[in-house]
Amino acid sequence: MEIFETDPGFGHERVTLVQHRETGLRAVIAIHDTTLGPAAGGCRMWPYPNDRQALADAMRLSKAMTWKNAMADMPLGGGKAVIIGNPRTEGSAELLHAFGAAVESLGGAYWTAEDVGVGLEAIRIVRQTCRYTFGVDRDPSPWTARGTLMAILASVQHVFDDDSLDGRRIAVQGVGNVGGQLVGMLTERGAHCVVSDVNETAIAAMVDQYGVEVAGIDEIFDVPCDVFAPCALGGAVDDDTIGRLKAAIIAGSANNQLADPHRHGELLHEAGITFAPDFVANSGGMLAVGGEIHGVDHTDAELTEMVDGIRTRVNAILRRAAAADRPPAEIATAMARDKVLAAR
Ligand code: NAD
């Protein structure tokens, strides 16, 4: 993997490796771009099999945050942190305090928040040693779910020329904080959801609450559906799954849904599958809590309007992509890059 990458003008500004001997903390804090404002993005805790994968994940995710914040028109740059370890057994308060101290030492160049494996409780502990946290007082996940719904509505309208979800079959991979709430919103609009999750309790709750159909962890890729919504971890669309997906649309909340953004974007385009760019579809949470960094507090009515704007944004991207006959993710990335370049 290249660290000083060859993407002209868009290599990472700063990548910090943190090791705290007393607590065993090992973390990567990646600051991709601060042109538009301080780098902002969540902190993920995951038992990465090796250091390289952790580094690659932090770098990829932080770059996606630059595009996400730019496309959401927020005065924020892109950053992300990853902690190497199992959140269930290794996420002690001491370790989170050490992580907070590391973020604090960057003096506000990077602001941290919740992500997979690092919930709100954990971020509240990080806040005890760090001023640069956000999304602590308001849970972003309902807003991320609402934004994802907006991306689905825009995509369904684009593909079927009708935005009704009544009777549409939607496969949701991962029914955690975001996916679970999304299933509620989809069901309310008459969609028929098929869900998968590695967590049996989460699945049972979905069956109880919404009477959803359940698919196996691997089976979810073979489910004939109108929309496939990846809401688990990144990389759902890869060399294996791309030929199996039987969806007209991919629109979900997960970050980095395409294992290789360029190649898999092209392959989806060739296959005629409409892809709502992940960093736009899942920007609702950032819209909801990113304002905290600049001391701005929006009302729920203001946030609803802001998050519902994701529908217009996805719609514009899909129309431009169709007109140019190019993959939507490529178009959205180009739009985000232009916004950053214009601000430099
Ligand atoms: P979460 O941890 O609450 O939920 C993820 C769910 O996916 C869990 O229930 C987990 O058991 C399940 N899962 C893991 N591996 C799976 C697999 N192979 N197959 C099926 N299910 C699997 O996380 P979340 O907050 O709901 O976030 C979901 C995704 O959306 C993540 O990729 C996250 O980065 C992204 N995202 C979340 C937010 C937010 O506001 N929470 C904002 C932007 C992006």
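All values below come from the heavy atoms of this structure, side chains included, with hydrogens, waters and symmetry mates left out. No experiment lies behind these values; they were computed from the predicted model shown.
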Using a strict threshold of under 4.0 Å (side-chain N to carboxylate O), is an ion pair present between [Y] and [X]?
| X | Y | answer |
| --- | --- | --- |
| Asp218 | Arg244 | yes |
| Asp260 | Arg60 | no |
| Glu121 | Arg124 | yes |
| Glu266 | Arg326 | yes |
| Glu292 | Arg138 | no |
| Asp278 | Lys68 | no |
| Arg44 | Asp57 | yes |
| Arg169 | Asp226 | no |

- Going through the checks in order, is the salt bridge (Lys or Arg N to Asp or Glu O under 4.0 Å) test met by Asp308 and Arg311? CA-CA 6 Å; Asp308 288 4; Arg311 184 173 175 166; over 6 Å; no
Check: [X] side chain, [Y] main-chain N or O, donor-acceptor pair, under 3.5 Å:
| X | Y | result |
| --- | --- | --- |
| Glu104 | Arg131 | yes |
| His294 | Pro75 | yes |
| His269 | Asp325 | yes |
| Asn69 | Gly77 | yes |
| Tyr110 | Gly41 | yes |
| Ser92 | Leu95 | yes |
| Glu330 | Pro327 | no |
| Gln19 | Gly24 | no |

- Query: Who pairs with Gln181 by side-chain hydrogen bond (donor to acceptor under 3.5 Å, both in side chains), at least two apart in sequence or on another chain?
  - Reply: Ser141
Could you see if [X] belongs to whatever hydrophobic cluster contains [Y]? Use Ile, Leu, Val, Met, Phe, Trp, Tyr and a side-chain cutoff under 4.5 Å.
| X | Y | answer |
| --- | --- | --- |
| Ile31 | Leu36 | yes |
| Ile250 | Leu267 | yes |
| Phe279 | Val116 | no |
| Leu303 | Leu120 | no |
| Leu186 | Val227 | yes |

- Item | Residue pairs involving residues 147-161 (criterion side-chain hydrogen bond (donor to acceptor under 3.5 Å, both in side chains); sequence neighbours excluded) | none
- Message: Less than 3.5 Å apart, any donor N or O on the side chain of His264 or Asp239 sitting next to an acceptor on the other?
- Response: yes
- Message: Ignoring hydrogens and geometry beyond distance, is a side-chain donor-acceptor pair present between Thr133 and Arg127 at under 3.5 Å?
- Response: no
- Message: Can you confirm if the aromatic rings of His32 and Trp67 lie within a centre distance of less than 6.0 Å?
- Response: yes
- Is the number of heavy atoms from other residues, nucleotides or ligands under 6.0 Å of Arg344 CZ greater than 12? yes
- When you look at CD of Glu305, are more than 12 heavy atoms from neighbouring residues, nucleotides or ligands closer to it than 6.0 Å? no
- Please round to the nearest 0.5 Å and tell me the distance separating atom CG of Leu258 and atom CG of Asp238. 10.0 Å
- Item | Asp33 and Arg337: CA distance, side-chain angles, deciding distance, salt bridge (Lys or Arg N to Asp or Glu O under 4.0 Å) verdict | CA-CA 11 Å; Asp33 191 285; Arg337 290 169 84 98; over 6 Å; no
- Message: Can you confirm whether His20 sits close enough to Glu94 that some side-chain heavy atom of one is under 4.5 Å from a side-chain heavy atom of the other?
- Response: no
- Among Val314, Ile310, Val280, whose side chain to side chain contact (heavy atoms under 4.5 Å, CB included) with Met71 holds? Val280
